[in-house]
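Proteins come first, then strands; the chains are lettered A, B, ... in the order of their sequence lines, and each starts at number 1.
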Amino acid sequence: MGKEELATLFASDHDRYYKVNIFEEKGFKRQKCSKCAKFFWSQTEREFCPDHEYYSFIGKPPTNKRLDYVDTWKEIELFFKSNNHSIIRRYPVVCRWRDDLYFTIASIVDFQRIMENKVVFELPSNPLLVPQMSLRFNDIENVGLTGRHYTSFCMIGQTCNADADGGYWKDRCIELDYEMLTNRLGIQSHEIVFVEDVWLGAGAFGYSLEYYVNGLELGNAVFTEFEGNENSYHVMDNKIIDMGAGLERLSWITMGTPTSYDCAFGPIVQRLVDRLGISKDSEIMSRYFTAISGRLSEQINDINTLKPLIAKSLGISRDELSKIISPFEAIYTIADHTRTLLFAIADGALPSNVGGGYNLRVILRRAISILEKMGWDIKLEDVTDLHIDYLKQMYPELEEHTDDVRTILRLESDRYVGSNERMHAIATSIKNANRQLSVDDLIRMYESDGITPDFLERVGAIDKIPSTFYTRLADLHTEQNIAQTHKQTYSLAGIAPTKALYYEDMSMREFRAKIIKITDGRNIILDQTAFYPRGGGQEPDTGVLGGMQVIEVVKQADIIIHKLQNRSNFVEGQSIDGIVNNRRRESITKHHTATHILNSSARNTLGSWVWQNSAFKEEGYGRLDITHHSALNKEEIWKIEQKANDVVRQNLPVVINTYSRGNAEQYYTFRIYQGGVVPSNSVRIVNINNWDIEACGGTHVRKTGDIGIIKIMKSERIQDGIIRLEFVAGEAALKYLQRQESQLTSISQSLGSSKEKVVESLQKMIYETETTKKKIKTVLRKISPHVASSISNTARLLPKGNIKVYSIYDEELDEDYHIAIGEKSIELDPYLIYVALISRDQGLRVIVFAGEHARKKIHAGIIAKQLSIELGGSGRGNERFGQGGGRFKDKIGDSLKSVEELVVKEFSRTESEGNRDE
RNA sequence: GGGCCGGUCGUCUAGUCUGGUAGGAUACGGCAUUGGCAUUGCUGAGGCCGUGGGUUCAAAUCCCACCCGGUCCA
């Protein structure tokens with residue numbers, strides 16, 4: 001079902017879907033927009049829906065209240081609190097509870113969990129209100145320019161499950177919103193317009209009412225009533241209201257400032273304006289942004305084409321307008337970008353070149369380049385401090401991250417400088433080389449070095465940007481194929497959840513259970529089991545079930561499936577005994593608890609931006625990927641290891657309890673989601689004496705001392721922003737250390753040294769090898785004239801052309817020697833042909849030199865080639881020098897004999913050719 | 001998540017397509033010119049061509065894997 005059909009469906013019964021009590025009570029009438037045919041409700045007669053209106057509130061807000069950003073929130077918070085809503089702390093902007101999103105893009109996302117490809121809603125309270133900071137990067141170009149676009153904004157989420165305790169449906173929802181607008185914000189009710197719309201999501205849909213004041217959309221109440229598809233749908237058991245309203249806009253409507261940025265970033269903008277000494281023409285600004293609001297539409301979404309038109313209507317030149325507006329556009333953009341970075345970094349995201357981090361790096365560099373372009377000496381981290389100072393009233397947690405945010409911003413700013421220097425160096429070399437660049441060159445430079453054609457044009461490396469550049473670039477990115485990982489699933493309809501004995505008693509290794517179902521003779525489902533299934537990065541248990549080997553255990557929903565190595569002849573209903581491989585489970589368990597300890601140890605050592613990215617726990621070793629901006633050095637690794645082992649030695653208790661998700665999140669914060677998405681309503685919290693607290697379904701030791709020792713084997717940067725630690729714990733650590741020692745022992749034995757002095761001995765050996773190499777070179781240089789002259793004397797004179805031939809087979813010296821000697825020999829004797837056959841491990845090498853006179857008749861390359869072919873290989877070269885080789889060592893004698901013959905033949909050939917030429 | 005680019009004396013780089021003695025610049029050492037310096041000339045030292053495999057008589061060069069750095073897109 002498409003959006004249009006849905007709209008028709010709901011409009012056909014608008015009294016059922018859109019009419020709410022308050023409309024009746026307050027005299028709102030349904031009307032049709034004469035421009036776009038949308039239906040809307042308002043108290044006054046209107047020709048158009050608010051989509052076609054100017055922002056008439058700019059300069060003259062429709063209320064007597066003036067509420068800045070934070071005060072607007074406080075007002076709304078108070079209102080909903082007094083109407084039985086729980087006020088929920090904001091969720092992180094980094095969306096750790098959904099695999100399909102990097103960032104939280106709307107308030108409703110907080111309460112959505114994906115379970116088996118279906119979205120389910122889980123509200124920690126009902127009804128509730130949340131000031132959810134949300135990040136969106138799809139409209140970056142308009143940020144700072146339009147007065148209302150952001151990369152981050154606060155979406156006030158009024159969320160309600162209509163069918164749960166305390167729930168309400170559309171009448172109450174709109175009544176509350178109406179009251180909020182009129183009583184709390186003081187807006188005249190005849191200014192409010194509700195527009196009918198529909199909402200269509202994955203597997204669910206509903207209708208919505210958007211509310212506008214003076215052309216500005218303030219909020220949208222979505223009523224998700226149905227689930228299913230066009231062919232079959234039904235009313236949901238738990239209908240959901242998702243009302244989202246932008247705090248920036250709610251504040252803006254009361255303030256009537258030129259832009260909403262003046263509200264959201266009020267004190268920040270003011271400080272920057274003061275510091276930079278910018279003068280403000282409020283009159284022109286108000287008129288300009290009012291004009292923008294009316295003209296910016298889907299037809300004209302490029303603000304730059306609008307600017308000349310607006311300048312004309314304001315009666316000033318384009319330059320004059322630009323002079324007034326540009327500094328503010330810059331300040332607004334910087335304020336927006338820094339606020340987004342502040343929230344993202346505080347919540348544990350890092351700028352990088354992959355994943356969501358890329359968006360952060362883009363806006364960070366964008367902000368810096370604006371600062372550069374304006375010539376302003378302002379640091380991003382100073383702006384984030386201003387934000388923190390303002391927003392801490394609403395979001396006190398930001399203050400804890402002040403230093404960490406500064407650290408990351410400084411680091412990234414420095415990286416930008418480095419990358420900028422590289423860009424300039426490349427541009428300069430292009431300019432100096434005076435090379436013409438093709439469109440392909442430009443595309444390659446952009447994609448692989450980040451050098452934009454705009455930059456090249458600005459610095460004068462190219463004359464102008466080829467017209468085809470952007471279309472070519474767009475073409476390159478239209479085709480994208482996304483690889484889907486396929487997971488094996490079993491049809492398990494009607495099977496009861498397996499009782500997880502491994503949770504009830506983590507020490508249980510033997511149990512008796514009844515077989516519920518068998519497929520393939522190999523996949524066994526039991527009524528209960530002590531086998532831990534694969535999950536959360538922990539490898540499954542192995543062991544024995546009814547005498548058969550279990551090689552794999554997986555969990556699908558709440559059902560655990562055991563895979564046997566071979567087909568069994570068990571029957572359903574039979575009772576069998578299970579035995580879990582104890583050694584394996586113990587070792588995996590130690591590695592798992594060690595992962596938690598290391599994770600917190602890394603965060604304490606490195607900084608609060610460290611989160612677990614993923615982890616893997618095997619019998620023999622563990623792997624922990626953490627988010628961190630730079631590769632680790634030896635000292636950092638040692639520190640992390642040290643702290644982790646301190647925790648082990650303190651023998652802290654590991655306490656596991658189950659909480660409801662809402663309570664766990666609000667009490668322990670989102671730090672608990674290190675392992676990623678938890679797909680259930682109750683959360684198992686593993687608490688290592690408050691050193692580390694994580695939501696985790698894995699098996700753990702009772703006390704940290706049980707781990708024995710944790711040893712980090714290595715760290716590597718697997719991608720930008722992610723560091724992998726590989727480690728061993730318990731017995732695996734001991735084995736690792738023993739292996740290391742035995743290697744060290746054998747190295748020191750080979751060196752004839754002791755383990756204590758092995759480094760010293762090795763360095764000495766390397767030094768000796770190097771000096772020996774040098775000595776050989778010197779010796780060769782010194783003796784080569786003497787060897788050359790003796791070669792010249794012993795060479796045999798050929799019957800023709802005064803040419804001498806020297807040939808040798810050498811089993812001891814290498815080609816470097818013969819190249820040096822050959823070179824020297826022909827220099828000394830211009831009539832000489834020097835041929836060396838050199839033995840190698842397998843096969844042999846041929847070196848041929850021809851002196852200055854000899855080469856007039858004899859081509860060294862040809863001699864080398866022919867000799868090599870005889871020897872089962874091939875060769876090449878020029879008149880002076882040729883080389884080649886072959887495999888047949890047994891033909892050396894023959895070849896050596898045939899050298900003279902070959903030379904004579906070659907001589908006569910060139911002789912006759914020479915005659916022909918004459 | 002999907003791509004792309006790069007890694008060669010201390011530093012900057014040519015050579016890679018098309019396999020054949022790794023070359024230049026700069027800094028460094030020595031000698032000469034000079035009262036001294038700048039300069040200039042001559043000369044010397046400095047390279048497991050990121051690592052490991054493969055192909056080949058022969059690999060900086062071609063193929064594969066990995067490591068390190070950079071970058072674009074979703």
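Distance noted for atom P between B:rA65 and B:rG47: 32 Å (whole Å). Rounded to whole Å, the P atom of B:rC63 lies 38 Å from the corresponding atom of B:rA27. Spacing of C1' atoms, B:rG24 relative to B:rU18, comes out at 23 Å, to the nearest Å. Nucleotides B:rC48 and B:rG1 have their C1' atoms positioned 37 Å apart, rounded to a whole Å. Using C1' as the reference atom, B:rG2 and B:rU11 are 36 Å apart when rounded to the nearest Å. For B:rG6 and B:rU61, the P atoms lie 14 Å apart once the distance is rounded to whole Å. Distance noted for atom P between B:rA74 and B:rC17: 35 Å (whole Å). Between the C1' atoms of B:rC9 and B:rC49, the separation comes to 10 Å (whole Å).
Residue-level contact check: A:E870 touches neither bases nor backbone, having no heavy atom under 4.0 Å from any strand. A:F881 comes within 4.0 angstrom of a nucleotide base, judged by non-hydrogen atoms across all strands.
With no hydrogens or angles considered, a side-chain donor-acceptor pair links A:S792 and A:D829 at under 3.5 Å. Side chains of A:R845 and A:Q883: a donor on one and an acceptor on the other come within 3.5 Å. Donor-acceptor pairing under 3.5 Å is lacking for the side chains of A:T627 and A:N613.
A distance of 8.0 Å separates CG in A:L598 from CD1 in A:I640, rounded to the nearest 0.5 Å.
Judged by the 6.0 Å and 45° rule, A:R623 forms a cation-pi pair with A:F616.
Not counting sequence neighbours, the partners of A:Q132 by the side chain to side chain contact (heavy atoms under 4.5 Å, CB included) test are A:R90, A:Y91, A:T104, A:S107, A:D110, A:V130, A:S134. Annotation: side chain to side chain contact (heavy atoms under 4.5 Å, CB included) contacts of A:S630 (sequence neighbours excluded): A:L411, A:R415.
The shortest heavy-atom contact between A:T595 and A:L624 is CG2-CD1, 3.7 Å.
Protein atom CG of A:D816 is 16 Å distant from nucleotide atom P of B:rG20, rounded to whole Å. Taking atom OH of residue A:Y102 and atom P of nucleotide B:rG2, one finds them 10 Å apart after rounding to whole Å. For A:N878 and B:rG19, the CG to P distance is 16 Å, given to the nearest whole Å. The nearest whole Å value for the distance from the CZ atom in A:R361 to the C1' atom in B:rU71 is 9 Å. Distance CE (A:M445) to P (B:rC72): 13 Å, rounded to an integer number of Å. Taking atom CG on A:L360 and atom P on B:rC72, their separation rounds to 14 Å, with Å as the unit. Put simply, CD on A:Q719 is 15 Å from P on B:rC72, counting in whole angstrom units. Atom-to-atom, CZ of A:F455 to C1' of B:rC72 comes out at 17 Å; the value is rounded to the nearest Å.
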What verdict does the salt bridge (charged side-chain N to carboxylate O under 4.0 Å, His left out) test give for A:K639 and A:E636, after you've listed the backbone C-alpha separation in whole Å, the side-chain angles of each residue and the deciding distance to 0.1 Å? CA-CA 5 Å; A:K639 243 188 219 166; A:E636 287 168 328; over 6 Å; no
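Other residues, nucleotides and ligands place more than 12 heavy atoms under 6.0 Å from the CD atom of A:E635.
Residue pairs meeting the side-chain hydrogen bond (donor to acceptor under 3.5 Å, both in side chains) criterion with at least one member in residues 859-870 of chain A, sequence neighbours excluded, are A:E870-A:S898.
Of the charged side-chain nitrogens involved, at least one lies within less than 4.0 Å of a carboxylate oxygen, so that A:R840 and A:E815 count as a salt-bridged pair.
The aromatic rings of A:H818 and A:Y834 are tilted relative to each other, their planes meeting at an angle between 30° and 60°.
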Starting at the 5' end of nucleotides 46-58 of chain B, put B wherever the base has a protein heavy atom under 4.0 Å, S where only the sugar-phosphate does, and a dash everywhere else. S----------BS
Which nucleotides of nucleotides 60-70 of chain B have their base under 4.0 Å from a protein heavy atom (B), which only their sugar-phosphate (S), and which neither (-), written as one string 5' to 3'? -------SSSB
Paired and unpaired positions of RNA chain B as dot-bracket, Watson-Crick or G-U wobble under 3.5 Å, | denoting a partner strand: (((((((..((((......[..)))).(((((.......))))).....(((((..]....)))))))))))).
